[in-house]
J.: 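Below is one structure. I have some questions about it.
The chains referred to below are lettered A, B, ... by the order of the sequence lines, with proteins before strands, and numbering in each begins at 1.
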2 protein chains.
Amino acid sequence: MSVMNVVSLPTLSRVALCGGTHGNELSGIYLVRERLRRREKGAEAEPFALVTVMSNPRAVQQCRRYTETDLNRCFTEATLSTPVSDGTPYEILRARELNALLGPKGSPEAVDLVCDLHNTTANMGLCFISYSDCDWICLHIYRHLQARSINNALLLFRPVDDLKNNRSPPAAMEVGPQSHAVVRSNVYMAMKEGVQLMLDWIRLFNSGAQFEGGPVELYTKVKTIDYPRDSESHHISAAIHPELQDRDFCLLHPGDPVFLTFSGETLRYRGKEPLYPFFVNEGAYYEKGIALSLARRRRLSIPSIQSERR
Amino acid sequence: MSVMNVVSLPTLSRVALCGGTHGNELSGIYLVRERLRRREKGAEAEPFALVTVMSNPRAVQQCRRYTETDLNRCFTEATLSTPVSDGTPYEILRARELNALLGPKGSPEAVDLVCDLHNTTANMGLCFISYSDCDWICLHIYRHLQARSINNALLLFRPVDDLKNNRSPPAAMEVGPQSHAVVRSNVYMAMKEGVQLMLDWIRLFNSGAQFEGGPVELYTKVKTIDYPRDSESHHISAAIHPELQDRDFCLLHPGDPVFLTFSGETLRYRGKEPLYPFFVNEGAYYEKGIALSLARRRRLSIPSIQSERR
């Protein structure tokens with residue numbers, strides 16, 4: 001690829017690393033605590049402005065996903081602009097504080113990149129989540145992680161409407177399998193390594209290094225499947241089948257087992273198109289009516305990039 | 001062993017199977033729901049009185065371990081006899097209801113056997129828990145499970161003082177690893193098989209079958225170890241070491257790794273005696289200050305038994 005094709009992008013002068021957006025996803029919480037502790041001791045010196053944030057300290061303190069409402073669903077323009085009253089949930093107040101700290105959203109003062117740290121009970125390895133297929137920064141960071149042969153995948157969620165005015169919607173690192181309210185060393189270390197590689201990449205990028213373009217494989221969400229449920233009680237009547245459990249990102253073919261009912265019956269995938277399952281049996285999604293999500297894999301070609309300032 | 005050595009014991013005419021004592025341990029909850037559903041349909045006919053109970057329905061509904069206080073710690077004589085007031089926690093009220101339903105504790109009307117179904121995030125397989133080393137019924141049920149080659153262990157907790165007047169303190173089945181608020185098919189099926197084998201054994205016992213005695217290996221709890229903690233914040237500063245994680249009931253030797261601190265340092269077992277770890281990284285025990293428990297393995301010889309009525 002010739003120099004002509006290198007895309008110039010602004011340096012990432014201000015980056016946010018957030019843990020504890022969900023208060024029972026412990027790897028990100030302990031990683032943020034450890035970084036704050038080291039910085040307090042003067043051990044951490046960043047060559048760019050890194051804002052390290054515990055997103056939902058009240059939920060963290062209670063070791064629950066959230067106290068009143070899911071913080072991760074509070075960053076819409078509508079929620080952020082609703083007038084505050086006595087009954088406004090804690091998470092909405094906290095979302096406004098975070099928006100003031102890291103934004104305001106869509107403004108030129110907003111941080112250049114937000115990386116939100118999450119854990120899942122699903123066997124997804126280290127999964128980097130982006131919300132745009134033309135966010136070259138995120139896609140190059142993912143390539144950098146993959147080149148270091150971390151067990152990982154890139155997941156692309158469809159662009160969310162209310163994010164369209166934002167220069168950089170948040171990227172997320174989702175690492176599992178880890179029970180909620182539990183920290184496992186291997187998952188903590190995978191996240192720590194992923195964060196370190198991302199920060200290394202940002203340093204290199206800011207210092208003027210050029211990153212070669214090329215192909216990137218990613219997964220785009222197509223749909224979700226709920227658990228079978230009892231028509232009266234609405235309780236689930238089956239669990240993920242043992243042949244699908246822990247097989248995130250392994251192709252699911254029509255006719256493959258998906259559920260095993262509590263009375264012992266196997267239920268099969270009725271779709272016509274083979275798709276890639278992910279977030280298989282994620283604990284927090286029972287209440288959302290999601291047993292697994294399904295994705296299409298596709299290949300994207302990304303351009304070479306370099307920062308504007310050298 | 002001659003007939004002279006056969007211990008005669010009363011039949012088990014009334015047995016209780018309890019799930020949902022902790023409201024986020026889903027295998028036992030779905031197993032109890034499935035049994036209740038089948039019984040409603042007339043599909044389940046027991047040759048003895050089996051009382052199937054959802055122990056803590058309010059915590060189950062909220063998918064939390066408990067709503068105000070741990071139900072499993074509410075069955076002491078002291079708690080059961082405390083006068084009720086407006087501020088009495090739900091779980092204490094529920095413990096009294098359960099005591100009336102299955103007891104009263106220590107009375108001749110009490111059920112002959114209670115089996116309480118639990119899940120753990122620890123890799124304990126199917127672990128049968130008894131509170132006495134001379135409860136021949138529990139020890140024979142365990143032998144029956146083990147002969148059917150279920151991946152299991154027998155754990156003996158020291159007899160609890162306030163249980164001493166009870167004819168049969170509850171036995172428990174603890175099955176893992178399973179995240180809290182998640183159900184995994186393999187764990188559900190292991191529990192279902194364990195319960196079925198136990199009920200089969202009870203039927204055989206009640207019908208007059210004689211069960212040969214012999215050796216039984218069991219684990220007796222010696223002590224617990226807490227996570228290393230920050231002296232000021234009291235937050236944990238390390239997770240279970242990857243070499244210990246998931247290795248419940250594998251002998252831990254002096255000098256073996258136990259923790260990996262969040263800054264990357266390995267901490268080793270300082271005890272002088274090799275012991276067997278269990279409940280390694282159980283999510284619900286962070287708040288109790290328990291990172292793992294340690295047990296001694298010993299061998300017991302149990303007598304042949306037969307029911308009094310034939």
Side-chain angles (χ1 to χ4, degrees), chain A residues 24 26-27 29-35 37-38 41 43 60-61 63-65 119-122 176-189 192 227 230 232-233 235-246 257 259-264 266 280-287, chain B residues 24 26-27 29-35 37-38 41 43 60-61 63-65 119-122 176-189 192 227 230 232-233 235-246 257 259-264 266 280-287:
Chain A
N24 58 1
L26 299 194
S27 297
I29 291 167
Y30 286 112
L31 198 145
V32 159
R33 275 199 186 129
E34 177 65 15
R35 293 192 73 89
R37 192 184 67 82
R38 287 172 64 87
K41 284 190 171 177
V60 168
Q61 206 251 324
C63 200
R64 295 169 64 180
R65 185 170 174 90
N119 288 119
T120 171
T121 61
Q178 183 178 271
S179 302
H180 297 316
V182 161
V183 58
R184 289 176 66 96
S185 278
N186 61 331
V187 172
Y188 174 85
M189 287 189 301
K192 188 175 175 180
Y227 295 91
D230 182 88
E232 284 172 34
S233 66
H235 292 145
I236 69 172
S237 55
I240 293 290
H241 196 280
E243 288 182 33
L244 174 58
Q245 177 70 52
D246 301 329
F259 296 108
L260 186 62
T261 70
F262 295 129
S263 52
T266 292
V280 176
N281 205 4
E282 159 54 40
Y285 292 174
Y286 282 60
E287 68 177 29
Chain B
N24 58 2
L26 298 194
S27 296
I29 291 167
Y30 286 111
L31 199 145
V32 159
R33 275 198 186 131
E34 177 65 15
R35 293 192 73 90
R37 192 184 68 81
R38 287 172 65 86
K41 284 191 171 176
V60 168
Q61 204 252 324
C63 200
R64 294 169 63 181
R65 185 172 174 88
N119 288 119
T120 170
T121 61
Q178 184 178 271
S179 301
H180 297 315
V182 162
V183 57
R184 288 175 66 95
S185 278
N186 61 332
V187 171
Y188 173 85
M189 288 190 299
K192 188 175 176 180
Y227 294 92
D230 181 88
E232 284 171 34
S233 66
H235 292 144
I236 70 171
S237 56
I240 293 290
H241 197 280
E243 288 182 32
L244 175 58
Q245 179 70 52
D246 301 327
F259 296 107
L260 186 62
T261 70
F262 295 128
S263 52
T266 294
V280 175
N281 205 4
E282 158 55 40
Y285 291 175
Y286 282 61
E287 69 177 29

J.: Check whether any side-chain heavy atom of Arg33(B) lies under 4.5 Å from a side-chain heavy atom of Asp230(A), and answer yes or no.
T.: no
J.: With the side chain counted from C-beta on, respond yes when Glu287(B) and Cys63(A) share a heavy-atom pair under 4.5 Å apart, and no when they do not.
T.: no
J.: Identify which of Ser179(B), Ala239(B), Ser185(B) forms the greatest number of heavy-atom pairs closer than 4.5 Å to chain A.
T.: Ser185(B)
J.: Using a 4.5 angstrom heavy-atom cutoff, name the option from Arg64(A), Gln178(A), Arg37(A) with the most pairs to chain B.
T.: Arg64(A)
J.: Say you draw a straight line from OH of Tyr286(B) to CG of Leu26(A); how long is it, rounded to the nearest 0.5 Å?
T.: 6.0 Å
J.: So which of Pro242(A), Ala238(A), Ala284(A), Gly264(A) has the largest heavy-atom pair count under 4.5 angstrom toward chain B?
T.: Pro242(A)
J.: Taking Ile240(A), Asn281(A), Thr121(A), Asn186(A) one by one, which has the highest count of heavy-atom pairs under 4.5 Å against chain B?
T.: Asn281(A)
J.: Among His180(B), Lys192(B), His241(B), single out the residue with the greatest number of heavy-atom pairs under 4.5 Å to chain A.
T.: Lys192(B)
J.: Side chains of Arg184(B) and Asp246(A): does their closest heavy-atom pair fall under 4.5 Å?
T.: yes
J.: Just how far is it from atom CD1 of Ile29(B) to atom CZ of Phe262(A), taken to the nearest 0.5 Å?
T.: 10.5 Å
J.: Roughly how far, to the nearest 0.5 Å, is the OH atom of Tyr30(A) from the NE2 atom of His235(B)?
T.: 6.5 Å
J.: Hey, could you give me the OG/CD distance between Ser263(A) and Glu34(B), rounded to the nearest 0.5 Å?
T.: 5.0 Å
